[in-house]
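Data first, discussion second: the structure below is written as structure tokens.
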Amino acid sequence: MKKLLGILIILCSCSSGKEYNEPQFVEEEEIRGECLSDDLMISYAYDMAVDDQYIYILASSQGKWVHVYDKSDGQYRGSHVLTGQGPGEVHTASSLTVDKDKLQIYDQSQMKLLTYSLKKANDSLQISFMDDVSFSSNKGIVSNEVAYLFPKKSKRQFADFFYG
């Protein structure tokens, strides 16, 4: 009896009499890419930043992490920031930000936020290592734009910070 009642309820609820309206889809548009330069092969870009003069691409290629292109004509301007674990070197980058005269890269494997100075003169760009902040002894969160450092806290204090 219970099975029969259950089948009746399902059948009645399925035939609600509402008319199905087919969704309307937006017209397809073709996306076209352009090759900036044949000077450098980048298989996978982890991040990208743009300022008033340059395009910065974060990708591991030819032993360097930051590849710079001119914003106005797309010409390749050079590669910077060596791959490695020494001072100013990046092992496993995950994000890149550019702000006026400063470039920052977060290195996941070393748990460091590395900061570089940007010096622009005419058509040249110089990127120089300034310093780094280690997250290995502190708790921290690095988003695409901001790094948050927390002193050692209990899990409860950490949860209270985020969830109120």
Side-chain angles (χ1 to χ4, degrees), residues 24-155 157-164:
Q24 300 297 318
F25 295 101
V26 181
E27 290 182 32
E28 289 183 25
E29 292 186 31
E30 186 176 326
I31 298 174
R32 190 174 66 91
E34 292 183 32
C35 181
L36 292 176
S37 170
D38 289 335
D39 296 331
L40 182 68
M41 288 295 285
I42 296 175
S43 61
Y44 183 81
Y46 292 90
D47 204 355
M48 182 177 84
V50 179
D51 67 10
D52 60 331
Q53 196 172 354
Y54 297 106
I55 300 168
Y56 305 85
I57 298 176
L58 184 66
S60 181
S61 182
Q62 298 179 354
K64 297 192 178 172
W65 273 100
V66 178
H67 310 285
V68 182
Y69 292 85
D70 192 289
K71 186 177 170 182
S72 63
D73 61 10
Q75 291 298 308
Y76 173 68
R77 296 294 181 207
S79 295
H80 307 269
V81 184
L82 291 171
T83 299
Q85 295 180 349
E89 296 177 341
V90 173
H91 187 264
T92 310
S94 63
S95 64
L96 164 80
T97 59
V98 174
D99 184 28
K100 297 177 187 170
D101 61 346
K102 192 168 54 172
L103 179 141
Q104 290 184 310
I105 298 172
Y106 180 67
D107 187 332
Q108 275 186 316
S109 66
Q110 297 187 79
M111 297 177 65
K112 288 183 180 180
L113 182 66
L114 295 98
T115 303
Y116 302 84
S117 67
L118 297 174
K119 293 183 183 164
K120 302 174 189 177
N122 299 328
D123 274 351
S124 69
L125 173 69
Q126 182 181 356
I127 298 177
S128 304
F129 176 66
M130 291 172 56
D131 68 353
D132 61 49
V133 175
S134 176
F135 290 87
S136 60
S137 61
N138 293 312
K139 301 292 182 193
I141 295 174
V142 176
S143 71
N144 202 19
E145 305 246 347
V146 180
Y148 301 97
L149 281 175
F150 304 105
K152 291 184 179 179
K153 293 184 177 184
S154 70
K155 289 181 184 177
Q157 288 173 313
F158 188 74
D160 288 345
F161 177 82
F162 282 101
Y163 305 113

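We use all heavy atoms of the structure for the numbers below, so side chains are in, but hydrogens, waters and symmetry mates are not. In this text, all values refer to a predicted model and were calculated from it rather than measured experimentally. For reference, positions follow the sequence shown, starting with 1.
- Closest approach of Ser94 and Leu58 over heavy atoms only: C-CD2, 4.0 Å.
- Among all heavy-atom pairs drawn from Ala93 and Ile105, the shortest one is CB-CG2, 3.7 Å.
- Partners of Phe129 by ring pair (Phe, Tyr, Trp, His ring centres under 6.0 Å), not counting sequence neighbours, listed by chain and number: Tyr116.
- Counting all heavy atoms, side chain and backbone alike, Ala59 lies closest to Ile42 at CB-CG2, 3.4 Å.
- By the side-chain hydrogen bond (donor to acceptor under 3.5 Å, both in side chains) test, Lys120 pairs with Asp51, Asp52, sequence neighbours left out.
- Between Tyr54 and Arg77, the closest heavy-atom pair is CE2-CG, 3.9 Å.
- To the nearest 0.5 Å, the span separating CG on Leu125 from CD on Gln53 amounts to 8.0 Å.
- A distance of 4.5 Å separates CG in Leu113 from CD in Gln104, rounded to the nearest 0.5 Å.
- At a threshold of 4.5 Å between non-hydrogen side-chain atoms, the residues Tyr106 and Met111 count as touching.
- With sequence neighbours left out, the side-chain hydrogen bond (donor to acceptor under 3.5 Å, both in side chains) criterion links Thr92 to Ser109.
- Remark: Lys112 engages Asp132 in a salt bridge (Lys or Arg N to Asp or Glu O under 4.0 Å) (not counting sequence neighbours).
- Between the Asp107 side chain and the His91 main chain, a donor and an acceptor come within less than 3.5 Å of each other.
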Let me see the working for Ile127 and Leu118 under side-chain contact (heavy atoms from CB on, under 4.5 Å), right down to the final yes or no.
CA-CA 5 Å; Ile127 298 177; Leu118 297 174; 3.5 Å; yes
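- Ile55 is listed as a side-chain neighbour of Ile57, based on a closest heavy-atom distance under 4.5 Å.
- Leu96 contributes atom CG, which lies 13.5 Å from atom OH of Tyr46 (distance to the nearest 0.5 angstrom).
- Residues satisfying the side-chain hydrogen bond (donor to acceptor under 3.5 Å, both in side chains) criterion with Glu89, sequence neighbours excluded, are absent altogether.
- The number of heavy-atom neighbours closer than 6.0 Å to CE of Met130, taken from other residues, nucleotides and ligands shown, is above 12.
- When all heavy atoms of Lys64 and Ser79 are compared, the closest pair comes out as CD-O, 3.5 Å.
- Applying the side chain to side chain contact (heavy atoms under 4.5 Å, CB included) test to Lys100 and every residue at least two apart in sequence or in another chain returns nothing.
- Taking each heavy atom of Ser95 and Asp47 in turn, the nearest pair found is CA-OD2, 3.4 Å.
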